[in-house]
Amino acid sequence: MNTHNLLIMAIPAFVALGGGVLAAFWTPNHQTRSLIQHFAAGVVLAALAVELLPEISREHAPGLVLVACFALGSLFMYGLKLWTMKLEHRASLSGTATGLSTGLLLATFIDVATDGFIIGAGFAAGGETGTILALGLSVELLFLGLALASSATQGRRIVIISGALGLTVLVFSVLGSILLAGASHAVIGGTLAFSAAALLYLVTEELLMEAHEVEEKPVSTLVLFGGFLTFWCIQLMGQ
């Protein structure tokens with residue numbers, strides 16, 4: 001791993017922190033947060049469809065390995081869902097529940113760690129994959145802080161959370177790049193397949209479900225596609 005790659009990996013971390021600083025001065029209402037979550041969901045879907053899944057195919061890993069790793073990722077996220085639901089139920093019974101969903105926050109940190117591994121795996125795979133994923137997932141991280149902002153998470157706390165998210169993605173990017181350097185196609189492909197399941201979980205079970213808790217406006221559909229198109233444009237410009 002060279003200095004250039006490390007600087008690229010640091011971009012999502014600084015972008016995540018910037019999103020938190022913005023959220024500290026501006027608290028979006030429920031409708032705005034819903035639109036932000038739709039946009040972030042579109043970006044994650046594009047990362048899956050435009051870059052991650054094609055990269056998995058280019059690794060030429062055995063199909064059984066890919067299926068097993070995706071299934072393992074799905075089971076892991078399912079277990080996480082059950083665990084976080086239990087935590088939220090306990091919090092509601094004790095009267096300590098806040099406006100910030102514990103499940104969403106925990107899933108977000110795991111997703112960001114997964115994003116880091118995806119970026120690191122992209123650099124380990126070679127080519128421009130790591131750079132494209134780092135730039136594209138930065139869009140998700142920029143809006144992540146705003147999407148997490150609520151009446152219970154404002155000011156210094158949202159900056160701290162966003163900074164921690166940024167540090168998480170940077171640490172796991174470096175770890176992913178180091179651990180997967182020189183790894184076989186099966187290992188890199190399996191890691192990306194596991195990560196794909198985690199990203200799919202974030203979109204379907206967290207971002208969109210949270211976004212649909214308020215009355216949805218027709219423009220939300222356009223915002224979702226706008227997020228997808230934004231990442232696709234970044235990928236096309238990197239070719």
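FYI, side chains are in, hydrogens and waters are out, and symmetry mates aren't considered; it's all heavy atoms of this structure.
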S.K.: For G190 and L66, work out which heavy atoms get closest and say how close.
M.R.: N-CD2, 4.0 Å
S.K.: Would V171 and L7 show up in the same hydrophobic cluster when neighbours are defined by side-chain heavy atoms closer than 4.5 Å?
M.R.: no
S.K.: If every non-hydrogen atom of A124 is compared with every non-hydrogen atom of S177, which pair is closest and at what distance?
M.R.: CB-O, 4.5 Å
S.K.: Can you sort out the partners of A71 under side chain to side chain contact (heavy atoms under 4.5 Å, CB included), two or more places apart, ordered by chain and number?
M.R.: none
S.K.: Does F14 share a hydrophobic cluster with I158, counting links as ILVMFWY side-chain heavy atoms below 4.5 Å and allowing steps through other members?
M.R.: no
S.K.: Applying side chain to side chain contact (heavy atoms under 4.5 Å, CB included) to D115 and L199, what does each step give before you reach the verdict?
M.R.: CA-CA 8 Å; D115 288 349; L199 291 181; 3.0 Å; yes
S.K.: Got a sec, which residues hit salt bridge (charged side-chain N to carboxylate O under 4.0 Å, His left out) with E59, two or more places apart in sequence or on another chain?
M.R.: none
S.K.: I need the minimum non-hydrogen distance between A186 and A61, along with the two atoms involved.
M.R.: CA-CB, 3.7 Å
S.K.: V174 versus M9: any side-chain heavy-atom pair under 4.5 Å?
M.R.: yes
S.K.: Got P12 and L137 here, is their nearest side-chain heavy-atom distance under 4.5 Å?
M.R.: no
S.K.: So, T168 side chain and A164 main chain: donor-acceptor pair closer than 3.5 Å or not?
M.R.: yes
S.K.: What closest approach, in Å, do A134 and I119 show between heavy atoms, and which atom pair accounts for it?
M.R.: CA-CD1, 3.8 Å
S.K.: Rounded to the nearest 0.5 Å, what separation is found between the CG atom of L53 and the CZ atom of R58?
M.R.: 10.5 Å
S.K.: Set out, in order, the CA-CA distance, both residues' side-chain angles and the distance that settles side chain to side chain contact (heavy atoms under 4.5 Å, CB included) for S220 and L35, then state yes or no.
M.R.: CA-CA 6 Å; S220 299; L35 293 178; 3.5 Å; yes
S.K.: Would you compute the distance between atom CZ of F123 and atom CG of L6 and round it to the nearest 0.5 angstrom?
M.R.: 9.5 Å
S.K.: Given the rule that I, L, V, M, F, W and Y join up when any side-chain heavy atoms are under 4.5 Å apart, are F39 and V219 in one cluster?
M.R.: yes
S.K.: Enter the distance from L200:CG to L45:CG here, rounded to the nearest 0.5 Å.
M.R.: 7.5 Å
S.K.: Could you list the residues that satisfy side chain to side chain contact (heavy atoms under 4.5 Å, CB included) with I11, not counting sequence neighbours?
M.R.: I8, V15, L135, S138
S.K.: Could you pull out the closest heavy-atom pair between V43 and G227, with the gap in Å?
M.R.: CG2-O, 3.4 Å
S.K.: Counting only heavy atoms from other residues, nucleotides and ligands, does the tally under 6.0 Å from CG of L64 exceed 12?
M.R.: no
S.K.: Contact between L133 and F231 at the side-chain level, heavy atoms closer than 4.5 Å - yes or no?
M.R.: yes
S.K.: Please check if W232 and V203 belong to a single hydrophobic cluster, counting links between Ile, Leu, Val, Met, Phe, Trp and Tyr side chain heavy atoms closer than 4.5 Å.
M.R.: yes
S.K.: Please round to the nearest 0.5 Å and tell me the distance separating atom CG of L75 and atom CG of L72.
M.R.: 6.5 Å
S.K.: For a quick test of reading the model, state the closest non-hydrogen atom pair linking G20 to V159 and the distance between them.
M.R.: O-CG2, 3.7 Å
S.K.: Using the rule that Ile, Leu, Val, Met, Phe, Trp and Tyr join whenever any side-chain heavy atoms are under 4.5 Å apart, tell me whether I36 and L229 fall into a single cluster.
M.R.: yes
S.K.: For residues 159-185, pull every pair meeting ring pair (Phe, Tyr, Trp, His ring centres under 6.0 Å), keeping only residues two or more places apart or in separate chains.
M.R.: F117-F172
S.K.: Side chains of F76 and F194: closer than 4.5 Å at any heavy-atom pair?
M.R.: yes
S.K.: Is any side-chain heavy atom of F109 closer than 4.5 Å to a side-chain heavy atom of L165?
M.R.: yes
S.K.: Could you tell me the separation between the CG atom of L80 and the CD1 atom of I110, rounded to the nearest 0.5 Å?
M.R.: 4.0 Å
S.K.: Sequence neighbours excluded, which residues qualify as side chain to side chain contact (heavy atoms under 4.5 Å, CB included) partners of F225?
M.R.: T221
S.K.: Side chain to side chain contact (heavy atoms under 4.5 Å, CB included) with A183: which residues, sequence neighbours excluded?
M.R.: L180, V187, I188
S.K.: With rounding to the nearest 0.5 angstrom, report the CG to CZ distance, L192 to F70.
M.R.: 12.5 Å
